[in-house]
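Please read the structure below before turning to the comments.
Computation of the quantities below employed the complete heavy-atom set of this structure, encompassing side-chain atoms and omitting hydrogens, waters and symmetry-equivalent molecules. All residue numbers in this chain count up from 1 along the given sequence.
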Amino acid sequence: MADRLRRAARITVLTGAGVSAASGVPTFRGRDGLWRQHRPEDLATPEAFARDPALVWAWYGWRRERLRACVPNAAHTVLAAWAGRWAGMTIVTQNVDGLHERAGAPDVLRLHGSLWHVRCADACRTGKAPRPFDDVLAPEVLPRCPSCGALARPDVVWFGEPLDARVLDRAANAAARSDVFLAVGTSAVVFPAAGLIPLARQGGAFVVEVNPDGTAFSDEVDVAIRGGAETVLPRIEQAMAAAGPCRP
């Protein structure tokens with residue numbers, strides 16, 4: 001695995017929730033207070049926002065406050081280092097926590113958006129682009145689009161919504177052109193993200209799965225490494241360092 005990476009010119013990494021597990025990122029279904037009475041599927045939808053935007057924003061505010069206490073773990077750190085080392089490195093993530101960026105990874109392709117950005121709920125012409133939003137949210141103070149004054153919404157992909165076609169196209173192109181493709185900390189059950197794995201294989205990539213448990217694609221990858229990303233990725237980095245300079 002280390003030798004393959006050292007010789008690769010184009011590397012694509014798809015990350016899922018398992019990459020952030022060691023950082024203590026709260027699970028999607030929290031156990032605190034109000035959220036025990038609400039399913040995420042009932043909150044993370046356009047219909048829920050239209051019905052009760054204050055409730056939806058309160059839930060996202062709750063999630064964001066818990067994320068503030070989380071820090072990038074060794075998996076995020078290694079991936080950021082690789083992104084700085086290889087010009088042909090692409091990180092594609094299903095996570096919305098922003099920990100890849102906090103670890104220093106540039107130009108992360110966020111398939112499902114970001115908890116730290118907002119955009120116009122009415123998709124006005126100038127409010128479509130995501131905007132950073134770091135204020136503490138309170139249900140009675142809802143953010144608004146600075147362009148048109150309509151309510152702003154979290155810049156995340158809700159249930160029933162399509163992924164951003166531009167982001168998905170960039171991710172698909174990176175996967176198809178990869179020399180090495182890693183699926184790290186993802187259960188590989190959510191599409192179209194999981195579809196990047198067979199796309200990489202079709203393009204001739206050496207495909208590696210890093211996950212504590214097997215997935216639907218485990219029998220189709222070239223190497224399956226069982227373990228947490230925060231443990232496995234540093235071991236791969238150490239093996240590369242011991243072998244000397246990379247030679248793409």
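Of the possible polar contacts, none joining the His117 side chain to the Ser114 backbone as a donor-acceptor pair under 3.5 Å is found. Checking side-chain atoms of Thr12 against main-chain N and O of Ala174 turns up a donor-acceptor pair under 3.5 Å. Of the possible donor and acceptor atoms, one in the side chain of Arg64 sits under 3.5 Å from a partner among the backbone N and O of Leu115.
Identified under the salt bridge (Lys or Arg N to Asp or Glu O under 4.0 Å) test for residues 192-206, with sequence neighbours left out: Arg201-Asp222.
Residues Val96 and Arg110 fail the side-chain proximity criterion, which asks for heavy atoms closer than 4.5 Å. For the pair Leu5 and Phe206, the minimum side-chain heavy-atom distance is 4.5 Å or more. Put simply, the side chain of Ile197 reaches to within 4.5 Å of the side chain of Phe181, judged on heavy atoms.
Aromatic ring orientation, His76 versus His100: perpendicular (interplanar angle above 60°, classes split at 30° and 60°).
Atoms CG and CZ, on Leu55 and Phe49 in that order, are 11.0 Å from each other to the nearest 0.5 Å. Atom CD of Glu209 and atom CD of Glu220 lie 10.0 Å apart (nearest 0.5 Å). Taking OG1 from Thr93 and CG from Leu14, the interatomic distance works out to 7.5 Å, rounded to the nearest 0.5 Å.
For the residue pair Thr186 / Gln94, a side-chain donor-acceptor distance below 3.5 Å is found, with atom types taken as modelled. Ser20 and Asp97 are linked by a side-chain donor-acceptor pair at a separation below 3.5 angstrom, with hydrogens and angles left out of the test. At a cut-off of 3.5 Å, with distance as the only test, no side-chain donor of Trp116 or Glu101 sits close to an acceptor on the other residue.
The side-chain hydrogen bond (donor to acceptor under 3.5 Å, both in side chains) check on Asn211 picks up nothing, with sequence neighbours excluded. Under the side-chain hydrogen bond (donor to acceptor under 3.5 Å, both in side chains) criterion, Glu161 pairs with Arg153, sequence neighbours left out. With sequence neighbours excluded, no residue satisfies side-chain hydrogen bond (donor to acceptor under 3.5 Å, both in side chains) with Asp179. Legend: residues meeting side-chain hydrogen bond (donor to acceptor under 3.5 Å, both in side chains) with Asp219, ordered by chain and number and at least two apart, are absent. Checked against salt bridge (Lys or Arg N to Asp or Glu O under 4.0 Å), Arg170 has the following partners two or more places apart in sequence or in another chain: Asp107.
Around atom CZ of Arg177, no more than 12 heavy atoms belonging to other residues, nucleotides or ligands sit under 6.0 Å away.
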message: One pair to check against salt bridge (Lys or Arg N to Asp or Glu O under 4.0 Å): Glu237 and Arg85. What are the steps and the verdict?
response: CA-CA 12 Å; Glu237 172 72 349; Arg85 186 180 307 160; 2.6 Å; yes
Could you go through the side-chain hydrogen bond (donor to acceptor under 3.5 Å, both in side chains) check for Arg51 and Thr45 one step at a time? CA-CA 10 Å; Arg51 182 172 58 250; Thr45 68; 5.3 Å; no
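Ion pairing of Asp3 with Arg6 is present here, as a side-chain N (NZ or NE/NH1/NH2) and a carboxylate O approach within less than 4.0 Å.
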